[in-house]
Amino acid sequence: MRKRWISLLVTGLLVGGVLAPASPALAAPTFKVPFPCGQSWSGQTRSDHSPAYAVDFNRTDDLGDPVVASAPGTVDRVTDLGGTSYGKYVRINHGGGYSTYYAHLNGFNVSVGQTVGYGKVLGWVGSTGGSTGPHLHYEQRLNGADIQVRFNGALGLYWGTKTYTSDNGCSSGGSGSGTVDTSGTPLTVRSGPGTGYASVGTVADGTRVTIACQTSGTTVTGTYGTSSIWDRIGTGRFIADAYVYTGHDGYIPGVPRC
Ligand SMILES: [Zn+2]
């Protein structure tokens, strides 16, 4: 699920009888390497970069290669700064204060307001703006401040150059992934897709889960609204999708029904 249901959170806090902080930490999106599935790119970080945690990506003959969204979100900037700074760049708002920047592009393939998913081509590698050669300048930001990049949850190399291989938009295998978000309490795992099935354990808040398939079951109201979708995270192990950030409001595209 994607959309957070604030009123439920508030209710939950009151029922708990605890004055919890008003802004629970939102789970970060699962960012992926901003190039198509299977490609390997050299990503360089350096302390004199601006901003410091940005990554410059290169590979051989990269001029004109497609640049893709590193996580689902909404395009909120498609801007050409001319011969300075980012040149042609795209910004995606991922929600929860997270955004990503893709700069020095040769051209654009998206427009402001467009919803994008993993692997969506945003534009092409170029050398526009304050760039001395083709490369992708890439940033992850939280509440406007640049942060050290993570791909699939793994921290990038600071400082230095590392090869990153993309699994962005790979559809083989047909599984999906998500992050459990319960604002603290463990989420009950059921033996089937419903609250009537036996409890077979719990997963902690913030846990990354692989979703083998999805199916319809008991309707549950959780962090991300009300849904009857259940995610199978193992053999005989199901969790309510209403508590899982998958980047999608309904079924995850490409993930099979159980
Ligand atoms: Zn750069």
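Read the numbers this way: they start at 1 and go in the same order the structure lists the ligands and their atoms. The model shown is predicted, which means the values in this text are computed figures rather than measured ones.
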Using the benzene-type ring in the case of Trp, are the ring centres of [X] and [Y] under 6.0 Å apart?
X	Y	result
Phe238	Trp230	no
Tyr243	Tyr224	no
His137	Tyr89	no
Tyr138	Tyr101	no

Revision key, fill the gap. Restricting His137 to its N/O/S atoms, the closest one to the Zn ion (ligand 1) is ND1
Exercise for review: Using a cut-off of strictly less than 2.8 Å, determine whether His104 has an N/O/S atom near the Zn ion (ligand 1).
Suggested key: no
**Study point:** Angle at the Zn ion (ligand 1) (to 10°), with one arm to OD1 of Asp56 and the other to NE2 of His49
**Key:** 100°
